[in-house]
Amino acid sequence: MARIRKRSIQLSKLCSFACCRSSSQDEHAQIGQKGYSRVVYCNEPDSQEQIRLRYRGNYVSTTKYTAVNFIPKSLFEQFRRVANIYFLVVACVSFSPLAPYSAPSIILPLVVVIGATMAKEGVEDWRRNLQDIEANNRKVEVYDKSSCSFRQTKWKDLRVGDLVKVCKDEYFPADLLLLSSSYEDVVCYVETMNLDGETNLKLKHALNVTSFYSSAESLKEFRAVIKCEDPNEHLYSFIGTLYFDCQQYSLSPQQILLRDSKLKNTEYIFGVVIFTGHDTKVMQNATDPPSKRTKIERRMDRIIYVLFSTLILVSFIGSLFFGIETNNDLSGGNYTRWYLRPDKTTVFFDPRRPAVAAFLHCLTGLMLYGYLIPISLYVSIEICKVLQSIFINQDQAMYDEEMDRPAHARTSNLNEELGQVHTILSDKTGTLTCNSMEFVKCSIAGTLYGRGMTEVEIALARKRGEQLTEQAPIDASESKKSIKGFNFRDERIMDGKWVSEPQSDVIQKFFRVLATCHTAVPEVMGPDEIMYEAESPDEAAFVIAAREVGFEFFARNQTSIKLRELDPTSGIRVDRVYELLHVLEFSSARKRMSVIVKNPENQLLLLAKGADSVIFERLSKEGRAYEERTKEHIEKYSEAGLRTMAVAYRELDNDEYKTWEQEFLKAKTSVSADRDVLMDELACQIERDLILLGATAVEDKLQKGVPGCIDKLARAGIGIWVLTGDKRGTAINIGYACSLLRHGMKQIVITLELPEILAQEKEGDKEAIAEASLNSIKLQILKAKSQVTEESSTEFGLIIDGKSLTYAMDKNLVNSFMDLAMRCATVICCRSSPKQKAVITRLVKSVTGRTTLAIGDGANDVGMLQEADIGVGISGVEGMQAVMASDFAIAQFRFLERLLLVHGHWCYRRISMMICYFFYKNITFGFTLFWFEAYTSFSGQPAYNDWYMSCYNVFFTSLPVIALGVFDQDVSARLCLKHPLLYQEGVRNILFNWPRILGWMFNGLLSSIIIYFLTTNSITGPAFRKDGQVADYSVLGVTMYTCVVWTVNCQMALSINYFTWIQHLFIWGSIAFWYIFLVVYGSIPPTLSTTAYKVLVEACAPSILYWLTTLLVVIAALLPLLSYRAFQIRFRPMEHDRIQIQRRRPESTEYDATQRRLSESSEARTSSELPSEFKHRCLKKSANIGIASAGLGV
Amino acid sequence: MDTNGATTSSAAGGGSTSKSSSKKHSRKPVISTFTIIGIIFIPLGLVSLSASEKVVEIVDRYDESCVPSDYSNDKLKFIQNPSINKSCVRTLTVPKLMKSPVFIYYQLDNYYQNHRRYVKSRSDKQLRSVSDEKSTKDCSPEDKTVDGPIVPCGLVAWSLFNDTYVFSVNSKTIEVNKHDIAWKSDKEHKFGSNVYPKNFQSGGLIGGAKLNSSVPLSKQEDLMVWMRTAALPTFRKLYGKIEQDLQANEKIQVVIQNNYNTYSFSGKKKLVLSTTSWIGGKNDFLGIAYIIVGGLCLFLAVCFILLYVIKPRPLGDPSYLSWNRSPAGHPN
């Protein structure tokens, strides 16, 4: 059902060919008014009138920047971050004497960081620009009036009013009005893949009046004016009028060919350009997906504020002491520290005005301790996330070979949020199930046909503990040849045997309805091969079923449907032509579809199929012969998880039809807003007194691996909600089949289908019903809550239907309802509408405050996907709309397991570790400066050479962090999947909670103290070399800096759980680079290198004390973390510690055995770690780059 | 590979990486790490300590005692009065044999050579070449006199230390070698051989020592040593070398010209004679720190061993996990 509903709005409206009639003025009253003011002079793009309107050209630019505004605009974007503004201000102030270090050394890192981000932006934008250039320079044939022929023009030169010719398999360059085509009945077929991702062909039909202009010569005379709506983003609506030959003709979407869709199966078409460039519907639709920020990022901002406060506090303390010291320089009229010349000084050091000096020093302090704020944090995180996304995209284990679709991270900024998902909200059809429908059973004239068992039936049987006889499932092996969409086995029907069934006439009618009542288009592939292009898989399944039984639908045009049928009397296959009069299309409100046809016997027939509830209430008295039994069967089918549809027909009276048709056509051609309502009403009028034929049952197979995946996710402690439009029975059974509802789980059902409510509904007092319903729901929720609290050891599954849900969402009830729902492991909402899905998602998100993930595949899931913290789209059969609205796209539901448990867990861990570490390293560095300050009477002299400092964040410590952020794994992918509980680390956010963050900060503080005091005490004072030299300012700076670089990099090596050559290269390379830098920097002339001149080569390297100090300080600074970790692993191990320890044990322990229960394992090989993500494409050629396997024995 | 989700990667993963998994996820055997650190550090500490013990050091604070008793209440007046004879005689006893070379240091205390104003007040350009004589922008107020730029300019040079020491044993003067006390790079690259002091200490306020304006800066090693600013407020600087052995119990007479003013900021002045070993001067801190860190590591290692013996961990019990105790995995 839901499937068809989804598509209904996109139906190619086969019926509208008859609506080309002039209509009276009042019906398009809106034309010419606000919102409907566009005027197009066809074939006269050069006319004065057209030029005066100044419509935009067809040039399209999707770039964020232009060459002119790139610099200012991207700079502006950059400086929207608080930290960057701070650094900018610092850079500006650094030119004043306030600065503790030279201006270039502060500007360079800022330029590097900003430049890197801008370069990234620029590259992305350049790619978009290349696409634009390609699109703008495509060729199209435009009509040239002077020569009466078509000439080639670039897309970008197209103007409104131009006449263009588009040939087969070409894209439409702009939104066009279809004038004529190579077909005589002026139709054409288009593929709208780029617009909505649908691959089926849609039929477009020109107005009959323009069909005459089908050659280049005739076009010369063509003059017309189109008045229509202004540019808007509605792909499936168009309101306009064609003024032609002093007549008005109304235009519908049927005549509009949209840019970026493709002409198929048609030699050529002629069209008039209506909307160009950014006015086209597709461009109007191009909006950026809503930007989502992760919880970690938001918390990171708060940490930055904490650091800013620390910075201010530290500067304040510094300047306080500085003020005191400066004040002391003048004691009792004497200048104490005469060597500073306090008598002849500047305002910055003036002892006569210590308050001013202290204030100015505070500014200096803000610059000096700026190293507390990690300048490269944002850009590093961005780089990491992009690389992480590449890993996700290239993970071979999430690659669907059948569909040739890898996973795709459409945004990179939600990676770590994947590791914190608390609740998953899932669509059912197409997400849990394949959405490839198979016709399995039917009930005709009260008789069941179709053998075999569905997956759900098998699961149910297993639940009941029945031993299955190996009759099921029936597979291709049994039949001659498996046909997609058809899994119906019944010898009573197949191979023409239905003729001898007692109710053969009903069977005949039943399949005729299936063969004619649809909007599918046949494509003849070979002599005996016909494919159907249908807008829903259900429909295709029906047509295929009819074909297999012997009612082969093989051709359709605007006015007829051709079937090849078995004639029951003669037994010969004959062609029968049904004249197609009207199609009353499907819509979610109507829940049915019908066609009006005239059969070869000249009988007028209305053939209908639809939801059982809708069809049953429209049956005539005589038509109810099989109602009871069919109802029973439908019940049975839906229990078996099948999708059911009732089939009925009606013979129409000629006069009744005539009067109705007139009304109907009138309604159809009207351009008023209530047109749809009117048409629905009219359809209702004719769709009555039906005669029931039977019901169909279509199986929507579970996707591969769904039960296993759901089981894993549940064991990871993630709550799963299924939101489906199915009936309760179907939903519950699907729930069992995909192990959402498990053995031993208690069901709580909240429903309004209670006798007392139903009784009231009969009375029809709406208010009374609402009140009674609300009370009933309230009672049910309270009862369920007490039950849940009483039996806290059992798992619960909550099942609620859409109607009850509307009451449960009442603002007085919603909290207790959510409370109940949160305590249940599974929640199934059946019979819910797309809008409800979005509302529920929003509620779950706001009430729990936890991360929600929505997964779905269809247009009806879009709201849900955008509402959730993370939207995952399944790029399945159902078109691309969900994928377009999603943040991550995967091909199969089962990949969600890996996406969350492996990538989510890793990314969460990586990013949180990375941020913590960033703060650690900057605090370590920043505070060594502060301690040194204390020994320079807080004068603002940095401990290190300017350039050492500015390279700190950019060169000596950044790459290892990025390596951590990209590659680190606490445990391998295999173990992540084996121990789903590990995922709770992210859900509980235990790697990024305040104690942990503050712990890291404290560790940084501790490291800085250890580094400063051990270094100064070891190295200064007595001689530091055998030749009697003492360590001066420059030597102390180098030694301390060496210790800092070693410490933070080794700390990183300790924190990393996973080593490849990349980590080794980055960590040890960074340290080595420091020495190289020192040698190189030390060898440039002393006027530039100042204190760094030859400091390593001449002073430090020959000193044994220097090396001994480094070793001592580094080990001492690592000790706190090392011993903390050791105690923590011993006493309060985290889950990943446990798994790591466990993995080391040679034999599997008890723990293993329990875990193995559910993971039917074959422990053949350990999964490939880094490469498993990487390999997919990268490693194919350059094998084994990531395989260096040297472990660091720390 | 145990789950369907990951089977593909195993199938296609190839054997190349299978063996590496256990190695790449690094392990941290705690006890052995601590033990190894302890085992390495304690001997290192002992070796450095013994090296430091071999060094013989004589430290003599003379700023207080070199002020005549009648000025002891107003030391500033004493030091600032150029007419008073500043020489002062100290006698040092050599505790142990001091092998040549014996390094002579002066040690200042509470002297902020690392003050930002002070550190910045110099011109490396000017020191290096005559042509940059005029680049004195950071040197204010000791940048120029009426006669032109001061070479070397700035507070650092201006406040050059000017106490002098003359040593004698048994009335026999000991020669003090004042060569090669500065950094080689200073002599060769930082201080120019054609740069001569100019207008130095000729202004109103005389800071420290004067320089012989006929000797190029590259030969003024005292200046170079002084201009290598110290890192901390307490520092030693090399004064010279005694290139002969000093016998144990020898009495060394030092005649000190006590010129330098540390009295206004109550800094101390000390004279230090010291030999060196491979570790440098007398530096017990490093050895002790090594021993402490090493000892701490061994202590931790022992603690962990005891813990494992006394209370073996119930490994591999999933019920041990905090979140396993709450049912349904739904934290509230």
Side-chain angles (χ1 to χ4, degrees), chain A residues 336-341 344 349 396-397 705 708 717 793 795 825 897-898 935-937 939-941 972 977 984 1017-1018 1020 1022-1026 1028 1030 1032-1033 1036 1057-1059 1086-1087 1094 1098 1105 1112 1116 1123 1126 1142 1149-1151 1159 1161 1165-1169 1171-1172 1184 1187 1189 1191-1192, chain B residues 1-6 8-10 12-13 16-18 20-21 23-26 28 30 37 103 112 114-119 124-125 141 155 159 185 189-190 228-233 236 238 264-265 276 278-283 285-286 289-290 293 300 316 318 321 323 327-330:
Chain A
T336 51
R337 292 188 292 184
W338 56 268
Y339 52 88
L340 298 176
R341 286 303 292 269
K344 231 175 154 182
F349 302 100
Q396 206 170 23
S793 55
E795 278 190 301
E897 176 185 351
R898 195 179 168 86
Y935 285 83
T936 63
S937 70
S939 60
Q941 176 66 18
S972 67
L977 292 169
Q984 281 291 317
N1017 280 303
S1018 307
T1020 59
F1024 84 118
R1025 281 202 312 243
K1026 193 164 167 41
V1030 289
D1032 69 334
Y1033 169 76
L1036 178 73
N1057 288 294
Y1058 177 72
F1059 276 95
T1087 42
K1094 297 221 164 155
E1098 192 185 349
L1105 191 63
L1112 170 76
S1123 32
Q1142 209 198 321
T1149 55
E1150 252 179 273
Y1151 185 25
S1159 51
S1161 67
R1165 270 181 299 181
T1166 358
S1167 137
S1168 41
E1169 320 305 5
S1172 76
N1184 300 351
I1187 330 277
S1189 56
L1192 175 75
Chain B
M1 268 308 118
D2 54 356
T3 56
N4 41 12
T8 8
S9 89
S10 137
S16 57
T17 54
S18 57
S20 57
S21 138
K23 278 186 184 173
K24 283 200 279 186
H25 283 97
S26 72
K28 289 148 192 154
V30 175
I37 296 177
F103 296 97
Y112 287 89
N114 57 12
H115 195 283
R116 184 152 68 101
R117 176 166 163 80
Y118 189 83
V119 173
D124 284 337
K125 273 190 184 164
L155 292 176
S159 60
S185 63
H189 301 285
K190 275 194 167 175
R228 279 261 160 205
T229 49
L232 297 177
R236 284 180 189 178
L238 198 52
S264 65
F265 51 90
T276 55
W278 58 265
I279 197 177
K282 197 167 183 60
N283 186 353
F285 180 86
L286 188 80
Y290 261 107
V293 172
L300 285 172
L321 291 171
W323 55 76
H330 271 288

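Chain identifiers are assigned alphabetically (A, B, ...) following the order of the sequence lines, protein sequences preceding nucleic acid strands; residue numbering begins at 1 within each chain.
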If I measure from the heavy atoms of chain A, does [X] come under 4.5 Å with its side chain, its backbone, both, or neither?
X: B:Lys282; value: backbone
X: B:Ala230; value: backbone
X: B:Phe265; value: both
X: B:Ile279; value: both
X: B:Phe285; value: side chain

Task: Sidechain-backbone polar pair: B:Tyr112 side chain, A:Tyr339 backbone, donor-acceptor under 3.5 Å - done: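 Not at all, since once roles are kept as given, no pair shorter than 3.5 Å links the two residues.
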- [ ] Mind checking the CG-OH spacing from A:Leu1112 to B:Tyr290? Nearest 0.5 Å is all I need.
- [x] 5.0 Å
Smallest separation among heavy atoms of [X] and [Y], with atom names:
X: A:Trp338; Y: B:Ser264; answer: CD1-OG, 3.2 Å
X: A:Asp1032; Y: B:Thr229; answer: CB-O, 3.3 Å
X: B:His115; Y: A:Thr936; answer: CD2-O, 4.1 Å

TODO: Using the side chain to side chain contact (heavy atoms under 4.5 Å, CB included) rule, pick out the option among A:Leu1105, A:Thr1020, A:Asn1017 that qualifies with B:Asn283.
DONE: A:Leu1105
TODO: Could you look at A:Ser1123 and say if it's the side chain, the backbone, both or neither that has a heavy atom under 4.5 Å from chain B?
DONE: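 Contact with chain B is through both the backbone and side chain of A:Ser1123.
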Open item on the list: Which atoms of A:Arg337 are under 4.5 Å from chain B, going by heavy atoms: the side chain, the backbone, both sets, or neither?
Closed with: both
Open item on the list: Under the rule for ring pair (Phe, Tyr, Trp, His ring centres under 6.0 Å), what residues qualify as partners of A:Tyr935, not counting sequence neighbours?
Closed with: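 A:Tyr935 satisfies ring pair (Phe, Tyr, Trp, His ring centres under 6.0 Å) with A:Tyr1012 once adjacent residues are dropped.
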Open item on the list: With heavy-atom distances below 4.5 Å as the criterion, would you say the side chains of A:Arg341 and B:Leu155 are in contact?
Closed with: yes
Open item on the list: Please identify, among B:Val119, B:Asn114, B:Leu286, the residue contributing the most non-hydrogen atom pairs under 4.5 Å to chain A.
Closed with: B:Asn114
Open item on the list: Looking at chain A, which one of B:Gly280, B:Ala289, B:Ser159 has the largest number of heavy-atom pairs inside 4.5 Å, strictly under?
Closed with: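 Ranked by contacts with chain A, first place is B:Gly280.
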TODO: Applying side chain to side chain contact (heavy atoms under 4.5 Å, CB included), name anything that partners A:Lys1094, two or more places apart in sequence or on another chain.
DONE: A:Glu1098, B:Ser185, B:His189
